[in-house]
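Written below as structure tokens is the structure these notes are about.
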Number of protein chains: 2
Amino acid sequence: MSMQDTASSGVALWRLVADGIERGIAEGRFAAGEKLPGEMEIAETYRVNRHTVRRALAALAERGLVRAERGSGTYVEAQRIAYPLRSRTRFSEIVGAGGREPGGQLIDASEDVASRELARELGLKVGAPLVRIESLRFADRAPICVATTWLSAARFPGAGEVYADLRSMTKLLEHFGVRDYRRASTRITAGIVDATDAARLDVALGRPILVVDSTDVDPDGRPLVTKRSRFAAERVEFLVENG
Amino acid sequence: MSMQDTASSGVALWRLVADGIERGIAEGRFAAGEKLPGEMEIAETYRVNRHTVRRALAALAERGLVRAERGSGTYVEAQRIAYPLRSRTRFSEIVGAGGREPGGQLIDASEDVASRELARELGLKVGAPLVRIESLRFADRAPICVATTWLSAARFPGAGEVYADLRSMTKLLEHFGVRDYRRASTRITAGIVDATDAARLDVALGRPILVVDSTDVDPDGRPLVTKRSRFAAERVEFLVENG
DNA sequence: TCAAGTTGTCTATAGTAATAGACAACTTGA
DNA sequence: TCAAGTTGTCTATTACTATAGACAACTTGA
């Protein structure tokens, strides 16, 4: 493993070391409460200067993943929520089941128009008026997911205000006469958080996120709502349940 | 969106611009064959110097995601494979179904010992001898997935040689008398590629990957094999099938 | 108590990144 | 054909990153 490849990647060495250490934590090599190897040892492992390691550890400490104790060492903190992938996933149940306090916040409700992709998902024409709802979800006050939801403005007039009032997508759909719906598609990929989401999720720029695109349909298969969720990968892992 | 936050993230500005452009491509804002906005326009959008944009585009061009034409503009190339999440996912079917040519390669088979995490997954003691198999999967000769598979060396003696011969996990398990098995768990998260995997997957350092941890068990629920797969997020998206 | 090990802080240098400006070389459409 | 727009290349300056060295301040265990 050579650390000299970074010139072509646009990622600072200290950042790569920080990511590597975090990976070690994520992979269970270092459990919560355990001590990391010393700075000199890490420097040797990654073939970098000790100061570079210090810079990396400072970044991790700032994010609360580790805690340095002068003279003693650097200790690990942090844990991830297991988030099951189901047709209908109740956020509060899942987070609550892990002994954490779920929370939510409406960021913004606004008008939008259907891009080609959204038009396709919602079975509308490009340019059709949409309602766009931005929301944020917490576990123990730590943000874990930002979601952008789109509905047809024609089918769901004033949906933004309704959602602001009801604070639930299921209830919003009920308000408009939808009694039953199901998840038609879910697509998962990974990306790098953008600056807006980084601020909302309280993660550093450059961090990985899980991106989930989903569309819900009525019993006849007609699209109702499409959503793009961005999960902080350092706080959430998805569970595929087999049955 | 402020680009001046990067001092604390260890990611070069040009890199953030490159990631942002790639995100636009991934989100369908720019389809294959379409022209991106010009360098000056992108510079204004991201509030950076035009040279920074040029550096970002150069990186994307080097990876084959875009192609610059002097005097004309910069054009988009690339596409992602939809990879369905099933209990038993046949790689060659999936890749082949997308009209791509599947391929595979055994990187290495070696001996390992069970870490705490692996011991837990395989129902073994920490330190138990394991067989470790590293493999790489291609679509149209582009690497899309690196997988590390672990089996009990006691249960599956010489499994590395057997796999090198048979080139199939199903056949390897049959060789050892396993006629039926199922996926007990699958966990998905996202991460940043490490240098070894970056080289294997032919992606730049700092890029996002989808990380899939899975364990297969026999009909009685006893663990047979556990695997960690790393997918290049720029080439693969997961599909959750409902039904 | 003291040596060894560990983190914390300071100074200094060389290389890369970001910005700025300018001009060349090309494409596109009127 | 020519103007406008676009990418390509060059020079220059400032700020950040990576490394190096050194010493301070603390912890830990013999």
Side-chain angles (χ1 to χ4, degrees), chain A residues 1-21 30 33-62 64-77 195 204-206, chain B residues 1-21 30 33-62 64-77 195 204-206:
Chain A
M1 179 165 92
S2 164
M3 298 303 287
Q4 309 316 321
D5 296 331
T6 63
S8 55
S9 73
V11 180
L13 271 186
W14 70 259
R15 183 55 191 275
L16 291 171
V17 174
D19 288 345
I21 292 167
F30 311 113
E34 259 184 48
K35 190 164 73 163
L36 292 177
E39 294 173 353
M40 283 309 297
E41 192 177 331
I42 293 174
E44 276 164 29
T45 298
Y46 287 92
R47 302 258 216 37
V48 296
N49 186 274
R50 187 188 140 224
H51 285 288
T52 307
V53 173
R54 289 191 57 71
R55 181 68 180 83
L57 291 174
L60 292 175
E62 193 178 329
L65 294 194
V66 301
R67 187 191 69 252
E69 290 182 13
R70 179 191 247 194
S72 171
T74 305
Y75 297 84
V76 178
E77 348 218 64
L205 284 170
Chain B
M1 178 165 90
S2 165
M3 299 301 290
Q4 309 316 322
D5 295 332
T6 63
S8 56
S9 73
V11 181
L13 272 185
W14 70 259
R15 183 56 191 275
L16 292 171
V17 173
D19 288 346
I21 292 166
F30 311 115
E34 259 183 51
K35 191 165 70 164
L36 292 178
E39 294 173 353
M40 284 308 298
E41 192 176 332
I42 294 174
E44 277 165 28
T45 298
Y46 287 93
R47 303 259 216 33
V48 296
N49 186 274
R50 188 187 139 224
H51 287 284
T52 307
V53 173
R54 290 191 57 72
R55 180 69 180 83
L57 291 174
L60 292 176
E62 193 177 331
L65 294 194
V66 300
R67 189 191 65 252
E69 289 181 14
R70 180 192 245 189
S72 174
T74 304
Y75 297 84
V76 177
E77 350 218 60
L205 285 170

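Excluded from the calculations below are hydrogen atoms, water molecules and symmetry mates; all remaining heavy atoms, backbone and side chain alike, are included. So that the names make sense, note that chain A is the first sequence line, chain B the second, and so on, each numbered from 1.
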Would you say A:Leu57 and A:Leu36 make side-chain contact, with heavy atoms under 4.5 Å?
-> yes
To the nearest angstrom, how far is A:Glu69 atom CD from D:dT27 atom P?
-> 9 Å
CG of A:Leu13 versus C1' of D:dC16: gap in Å, rounded?
-> 13 Å
Interatomic distance, B:Arg67 CZ vs D:dG8 P [rounded to whole Å] = 12 Å
Write down the protein N/O and nucleotide N/O pairs, taken from nucleotides 22-26 of chain C, whose separation is under 3.5 Å; answer none if there are no such pairs.
| from | atom 1 | to | atom 2 | distance (Å) |
| --- | --- | --- | --- | --- |
| C:dA25 | O4' | B:Arg70 | NH1 | 3.4 |
| C:dA25 | O3' | B:Arg70 | NH1 | 2.8 |

side-chain contact (heavy atoms from CB on, under 4.5 Å) partners for A:Arg70, two or more places apart | none
Spacing between A:Ile42 atom CD1 and C:dG5 atom P, to the nearest angstrom | 17 Å
Using atom CZ of A:Arg47 as one end and atom P of D:dA20 as the other, report the distance to the nearest whole Å.
-> 13 Å
To the nearest angstrom, the CD-C1' distance between B:Glu39 and D:dT9 comes to 12 Å
Phosphate OP1/OP2 of D:dA20: any A:Asn49 side-chain N/O under 4.0 Å = yes
Which nucleotide in the list C:dA18, D:dT19, D:dG8 gets nearest to the side chain of B:Ala12?
-> C:dA18
Distance in angstrom units between A:Leu57 CG and C:dT6 C1', rounded | 12 Å
Are OP1 or OP2 of C:dA18 and a side-chain N or O of B:Arg55 less than 4.0 angstrom apart?
-> no
Measure from CG on A:Leu36 to C1' on C:dT7 and round the result to the nearest Å.
-> 13 Å
Does A:Arg54 make a side-chain N or O approach to OP1 or OP2 of C:dG8 shorter than 4.0 Å?
-> yes
A:Ile42 and A:Pro37 have their tightest heavy-atom pair at CD1-O, 3.4 Å
Got a minute to check which stems DNA chain D is part of, using Watson-Crick or G-U wobble pairs under 3.5 Å, three or more consecutive?
-> C:1-30 with D:1-30
